[in-house]
There are 2 protein chains.
Amino acid sequence: MKFNATNVRASASAADLIFEALREAIFTGEIEAGEHLRQDALAEMFNTSRIPVREALSRLEQQGLVKTERYRGTTVTSLSVDEVREIFEFRALLEGEVIRYAVENMDDATLDVARRACDAFATETDSAKYGDLNRDFHYALYAKAERPYHLKIVNQALDRIESYLRAQLVLTNGMERARREHLGILEACVERDAAKAAQLTRDHILGASASLIQFLEKRDSAK
Amino acid sequence: MKFNATNVRASASAADLIFEALREAIFTGEIEAGEHLRQDALAEMFNTSRIPVREALSRLEQQGLVKTERYRGTTVTSLSVDEVREIFEFRALLEGEVIRYAVENMDDATLDVARRACDAFATETDSAKYGDLNRDFHYALYAKAERPYHLKIVNQALDRIESYLRAQLVLTNGMERARREHLGILEACVERDAAKAAQLTRDHILGASASLIQFLEKRDSAK
DNA sequence: TATCATAAAATTGGATACAATCTACAATAT
DNA sequence: ATATTGTAGATTGTATCCAATTTTATGATA
């Protein structure tokens, strides 16, 4: 486990930096589910005292990414297959609704932004960036929904399964299919067909869920 | 502003106690939106150092209930009418879906629990308890949805608007209508009519939203 | 009196040190 | 050999102190 905190903006507090670094490390899988995080080890790693480390861990816990037990330490929470499935199901419900709202307010400038985000995602080769670029595309469309609370919750759900999403995209055909489905959603938005965009978004999410879960179950049964 | 932390379980850490006490104080309106919370004032109030106070505030901030600016202090975040409206809309979507799942697994024991919760809510006279009893009723039904993540998010949304919900229930006819609508939802569950339960739940939430927003706008325009 | 510079007070973020408690392992008794 | 107990180490929670910066009070000057 190694961290690189230099890529985060310097204006933030130490707790912010540690929070972001840990979050990213959990997303990439650099910190695995179940791994024990000790406060003084992290403090030494980031050259700080345990105080900002504790604050970062507390925030991660509030997000559900870790769990702290007194005198026992902090562990990265793992998700069962059922939990992963449920979160995808939740996303399908929520994001389907969000894009319905968005299509009703869709304008050409927004579609341009989304198109560029779609291209950027499709041509990216660094798998570490898949997650952010995927969000960029969807959020470009969702922005016009003008539902900030809904989007905050979508974001939170994505955070919870970000590491799984990244794993899914590097599966065989994961990127290829995501790229194709993104184009379909974009096309529905261009046609201002809200129902179609919503349906394709739900399919996109549930399809990714199905292939990911198939992978997870195969992996688990192999162990 | 005064706090009473004696009703929280003693096994928790000081930070836990402060977190709960502040949360409850925000819910009841004891701490009003926009109010400044100073760390050392809170520390003195709870007879602790600022460390657990900071941790509690950090958690509240993660939940969106307060906002901290360095050297400026922490303020309780207020919600605009639009934000309140959106959160009710979000709840209608989510809770409608949750109860649909729940009805499919509904059994008589669950209905009994819900019926008792419904009675407890209807007969309660202490308005401070409305919030919890209202949740008790709905959660009694939602439990059978077996969607823990969905419920966690519902809970979070309720937290965000808890103080508004309590205000709504003490409005003229607020309790009376809530009681009547609860009975309707319960009846639909008894009939195992998932679509009807979902629709009544959505109506229940959106109806409360409408009357609350009417009240908020009248109050705001009066100022 | 009004305005601007300067100092004092206030306030949060972090470091160090201490307290409380759990875990692991070894010593001891049965 | 096994169970029990005690002690040392590990680990988190909190108190106290310091640093950094903003806000506010103060006073000098035009």
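Basis for what follows: all heavy atoms, side chains included, without hydrogens, waters or symmetry-related copies. Lettering of chains follows the sequences in order, A, B, ..., and the numbering in each one begins at 1.
- In this entry the distance linking CD of E61(A) with C1' of dT12(D) reads 12 Å, nearest Å.
- A cation-pi arrangement is absent between R166(A) and Y130(A) under the rule of less than 6.0 angstrom and at most 45 degrees off the ring axis.
- Between the CG atom of D40(B) and the C1' atom of dA15(D) there is a distance of 14 Å, rounded to whole Å.
- Near DNA chain D, meaning a heavy atom under 4.0 Å away, the residues from residues 47-55 of chain B are T48(B), S49(B), I51(B), P52(B).
- One atom, NE2 of H36(A), and another, C1' of dA10(D), lie 12 Å apart when rounded to the nearest Å.
- Atom CG in L42(B) sits roughly 16 Å away from atom C1' in dT14(D) (whole-Å rounding).
- A sub-4.0 Å separation between OP1 or OP2 of dA10(C) and a side-chain N or O of Q39(B) is absent.
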Next item on the list: Decide side chain to side chain donor-acceptor pair (under 3.5 Å) for Q156(A) and Q156(B); before the verdict, give the C-alpha distance in whole Å, the side-chain angles of both, and the deciding distance to 0.1 Å.
Entry: CA-CA 12 Å; Q156(A) 182 178 324; Q156(B) 181 178 326; 2.8 Å; yes
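- Residues from residues 64-75 of chain B lying near DNA chain D, meaning a heavy-atom separation below 4.0 Å, are Y71(B), R72(B) in numerical order.
- Atom P of nucleotide dT11(D) and atom CG of L37(A) are separated by 12 Å, given to the nearest angstrom.
- Atom OG1 of T201(B) sits about 7.5 Å away from atom CD of E95(B), to the nearest 0.5 Å.
- Applying salt bridge (Lys or Arg N to Asp or Glu O under 4.0 Å) to R147(A) and the options E83(B), E89(B), E86(B) leaves one that passes, E89(B).
- Taken to the nearest 0.5 Å, the CZ atom of R50(B) stands 10.5 Å off from the CG atom of L57(B).
- H182(B) and F137(B) have parallel rings, their planes meeting at less than 30° on a 0 to 90° scale where 60° marks the start of perpendicular.
- As rounded to whole Å, 10 Å separates atom C1' of dT14(D) from atom CD1 of I18(B).
- For the atom pair D16(B) CG and R70(A) CZ, the distance stands at 9.0 Å (nearest 0.5 Å).
- A distance of 11.5 Å separates CG of L158(A) from CD1 of I153(A), quoted to the nearest 0.5 Å.
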